[in-house]
2 protein chains.
Amino acid sequence: MTAEDEDSGRKKPLERLGVREIAKRVGVAPMTVSRVLSNPDMVAPATRAKVLAAIEAAGFVPNRLASSMRGSGRMIGTVVPSLINSGIADQVQGMSDECQAGGYSMLLVQGEFTPEAEEHSIRTLLGWRPAGMILQSFVQSEVARQLLVSSGAPVVEISEIKGRKPIDMVVGVSNFETAYAMTMHLAAKGYERIGFVSTPIHGNDRLQQRRTGYHAALSELGIKNHASMEVEVPITAAGGAQALVLLTDRHKDIDAIFFSSDTLAIGAVQECHRRGWAIPGRIAIAGYGDMDLAAQLFPPLTTVKVNRYEMGRRAVRQLLDRLAGNLKLATITSLGFEIVDRESA
Amino acid sequence: MTAEDEDSGRKKPLERLGVREIAKRVGVAPMTVSRVLSNPDMVAPATRAKVLAAIEAAGFVPNRLASSMRGSGRMIGTVVPSLINSGIADQVQGMSDECQAGGYSMLLVQGEFTPEAEEHSIRTLLGWRPAGMILQSFVQSEVARQLLVSSGAPVVEISEIKGRKPIDMVVGVSNFETAYAMTMHLAAKGYERIGFVSTPIHGNDRLQQRRTGYHAALSELGIKNHASMEVEVPITAAGGAQALVLLTDRHKDIDAIFFSSDTLAIGAVQECHRRGWAIPGRIAIAGYGDMDLAAQLFPPLTTVKVNRYEMGRRAVRQLLDRLAGNLKLATITSLGFEIVDRESA
DNA sequence: TGCTCATTTGGTTCCGGTACCATTTTCGTT
DNA sequence: AACGAAAATGGTACCGGAACCAAATGAGCA
């Protein structure tokens, strides 16, 4: 054995290592190594052990790109808007946890709510040929929709559960109902002049549905809704504070405000403290999301509880179920919600 | 032209579309199509236009897996701990934005701080042969370190900037200095019995450094540090509240608490409100992170401002610079910090 | 002992963009 | 007109698992 280039030494750079190399070292066919990686049960225990030992010794990490190219990819892609100041981080965490549990990796692409940005994000995603995709909100661009459909991969839209025609599967809550329920809840507690604050609604079907739910409740209550009782602000605590100031300035007699996000509501609560206003004595505050801080807030925040983490998990679960070959239906999964009645309203 | 299978129709499923197919339709070589995709300048404008038109018409989305297999991949991978309740979401947003700007995609893998989990995460990441990697915190497992090095890809650790030997590049702040500075700041404002609250420290070098900085300041101030002045709680608002109760029960004369996270500090502030304690009259509260809500909080939160978003961006920038062929140095980038003195302390 | 069927293993080809090198076309120069 | 260099384009092999099918080995049973 001349110590030529055939030094059979280990620790080659990851680059030059593949099933072929491992196979050579063990004395089996590349195919056998491949099977140990993806279908261990098809390989005799003794052979399997030898292969695994060689893999371990060589520090071999199978190239998932190659697997993916042959259609057995284990990556799911997702498009989400900003992770900052919203429940999206929770949702992504849920997706990630469930992916990991299922042996999948997650590609995260940032997306905006404009049709062009959306199309771009989806193109980027599709470039990686993911086994499945999860999209935040309904797809608006027809081109993007077409691309998704022709990709053949299963898609879950996490969105308002009613409305536009879904591409494939949908997971979400009825934003209409949540907002309707909260508005009715506030009314039931005796509030009569209820304002509505949200982040910019344009192009966001979930927010649109919430506002519609708020309107529906008002009209059912026989309350005429004024546009002046609604404000759009950026999704920051400062935005919430600003909205509170704006609405209470406009309407001295406003007695409750429903914020479309806890972040906004919490900001408003702080503004009340600054002004020495009693909550809910001077004004009642309700939020949306039930983020961690909501229950700990002083006073505890009345809010709509929607489990974003669970939504993320469910979305991935739907995808993995489909990929595992189970039912081919374009299911719509509606997660429940809960009006959490605390002391702020 | 018999309308056999050669119907030259468009809209084949994404599956069957490739540079070869596009090339055939345009009447050029596959290589030319490839060049249009990655080196447009090498193709004559007229040819380029024809190819682009065909790509557009066919709805062709180039397969990035194939590119990656030939070494021109445009994916960067990252391992981060939970996105919930921490500055990590901001950091990931920063990474994502910078990746997108540079034409890269981001693979997100969840990681824990144990060596085994870490190794597993890194293996998962390496399986996708990313062009570069960003890791939260220093790598502890020797095996993982070895794998990373032999992968040949550039690595950025976002971490405490001093301490363990980095693998390649490092971006971060000196957690020691931030905590030291805040503790001194509190002392300068006249507080003498300063508690320290953090999330579980074990295996987290950043938190270790912060505690060490706190200790160093105390010792420089001639204050003996008692273990009973320190508490570890989960990273939730409730945890902060709980820590406040614990410390004030143990030490009636405690006059300030430095929380290693704004989330905790905000929870503690709420607990003070519940108890009717004046801040900072009864007790001063300081946080870490300067999250959005900190400035809006009542009272506004004194905290350590570290720009996590920027840290994420910088980390990716380092990677992209390296990939673009610029300098090969194992740089250490230290981002500044700021003691934001507000009214809570 | 001969034969069938299940288990285990091997050989070959493919996925699709691109590195590498060869070839042709286009121009500027003398 | 002739020639060399630059620009544009083409041909082919390759990255590395895995699908597909063939072959070999072993077990079960008449």
Side-chain angles (χ1 to χ4, degrees), chain A residues 12-51 54-55 58 60-75 103 105 126-131 151-153, chain B residues 12-51 54-55 58 60-75 103 105 126-131 151-153:
Chain A
K12 287 196 182 188
L14 207 55
E15 324 294 341
R16 306 256 159 249
L17 230 65
V19 283
R20 288 171 178 79
E21 176 64 21
I22 298 292
K24 198 184 301 176
R25 294 186 186 183
V26 180
V28 295
M31 202 46 232
T32 302
V33 177
S34 172
R35 272 190 278 256
V36 169
L37 295 173
S38 39
N39 290 80
D41 295 336
M42 292 178 68
V43 180
T47 314
R48 195 193 316 159
K50 278 193 294 181
V51 172
I55 288 176
F60 166 59
V61 179
N63 187 330
R64 285 171 179 266
L65 298 170
S67 320
S68 292
M69 286 207 48
R70 295 296 290 163
S72 47
R74 286 181 156 276
M75 170 160 77
S105 297
L126 286 172
W128 295 101
R129 300 295 190 271
S151 82
Chain B
K12 287 198 183 187
L14 208 53
E15 324 294 343
R16 308 256 158 250
L17 247 101
V19 283
R20 288 171 178 78
E21 176 64 21
I22 298 293
K24 197 185 298 174
R25 295 187 186 181
V26 180
V28 295
M31 204 46 234
T32 302
V33 177
S34 171
R35 274 191 275 256
V36 169
L37 295 173
S38 37
N39 290 81
D41 295 337
M42 293 178 67
V43 180
T47 314
R48 194 193 315 159
K50 277 194 294 181
V51 171
I55 288 175
F60 166 61
V61 180
N63 186 332
R64 285 172 179 265
L65 297 171
S67 320
S68 291
M69 286 204 53
R70 295 296 289 160
S72 48
R74 286 181 156 273
M75 170 160 81
S105 297
L126 285 172
W128 294 101
R129 301 293 189 272
S151 81

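Just so it is clear, the values below take in all heavy atoms, side chains as well, and ignore hydrogens, waters and symmetry mates. Lettering of chains follows the sequences in order, A, B, ..., and the numbering in each one begins at 1.
- When the nearest nucleotides of DNA chain D are assigned to B:Ala66 and B:Val28 by heavy-atom distance, the more 5′-ward of the two goes with B:Val28.
- Distance CH2 (B:Trp128) to P (D:dG16): 16 Å, rounded to an integer number of Å.
- Protein atom CG of B:Asn39 is 14 Å distant from nucleotide atom C1' of D:dA7, rounded to whole Å.
- A:Lys24 places its NZ atom 16 Å from the C1' atom of C:dG10, with the value rounded to the nearest Å.
- Comparing D:dA19, C:dT9, C:dT18 against the side chain of A:Arg70 picks out D:dA19 as the nearest.
- Between C:dG17, D:dG17, D:dG11, one nucleotide has an atom nearer to the side chain of B:Met31 than all others, and that is D:dG11.
- Of the side-chain N and O atoms in B:Thr32, none sit less than 4.0 angstrom from OP1 or OP2 of D:dA8.
- Among the atoms of the strands shown, base atoms are found under 4.0 Å from some heavy atom of B:Arg35.
- Heavy atoms of B:Ser72 sit under 4.0 angstrom from primed sugar atoms or phosphate atoms, though from no base atom.
- Between the P atom of D:dA18 and the CE atom of A:Met42 lies a distance of 12 Å, rounded to the nearest Å.
- B:Val33 comes within 4.0 angstrom of nothing in the nucleic acid, heavy atoms only.
- Nucleotide D:dA13 holds its C1' atom 13 Å from the CE atom of B:Met69, rounded to whole Å.
- Looking at heavy atoms from C-beta onward, B:Phe60 lies out of side-chain contact with B:Glu21 at the 4.5 angstrom threshold.
- Following rounding to the nearest Å, A:Asn63 (CG) and D:dG16 (P) show an atom-to-atom distance of 7 Å.
- Here the P atom of nucleotide D:dC15 and the CZ atom of B:Arg129 are 13 Å apart, to the nearest Å.
- Fit an axis to the five pairs at each end of the helix from C:dT1-D:dA30 to C:dT30-D:dA1 and the two axes sit 30° apart, to the nearest 10 degrees.
- Using a 4.0 Å heavy-atom distance criterion, A:Ser34 is classed as a base contact.
- Of the candidates C:dT9, C:dT18, D:dG16, C:dT9 carries the atom nearest the A:Ala44 side chain, counting heavy atoms from C-beta on.
- At a threshold of 4.0 angstrom between heavy atoms, the contacts of B:Ser68 with the nucleic acid are absent.
- Among the heavy atoms of the strands lying under 4.0 Å from A:Val43 are primed sugar atoms or P, OP1, OP2 only; no base atom is included.
- At the heavy-atom level, B:Arg20 lies under 4.0 Å from base atoms of the strands shown.
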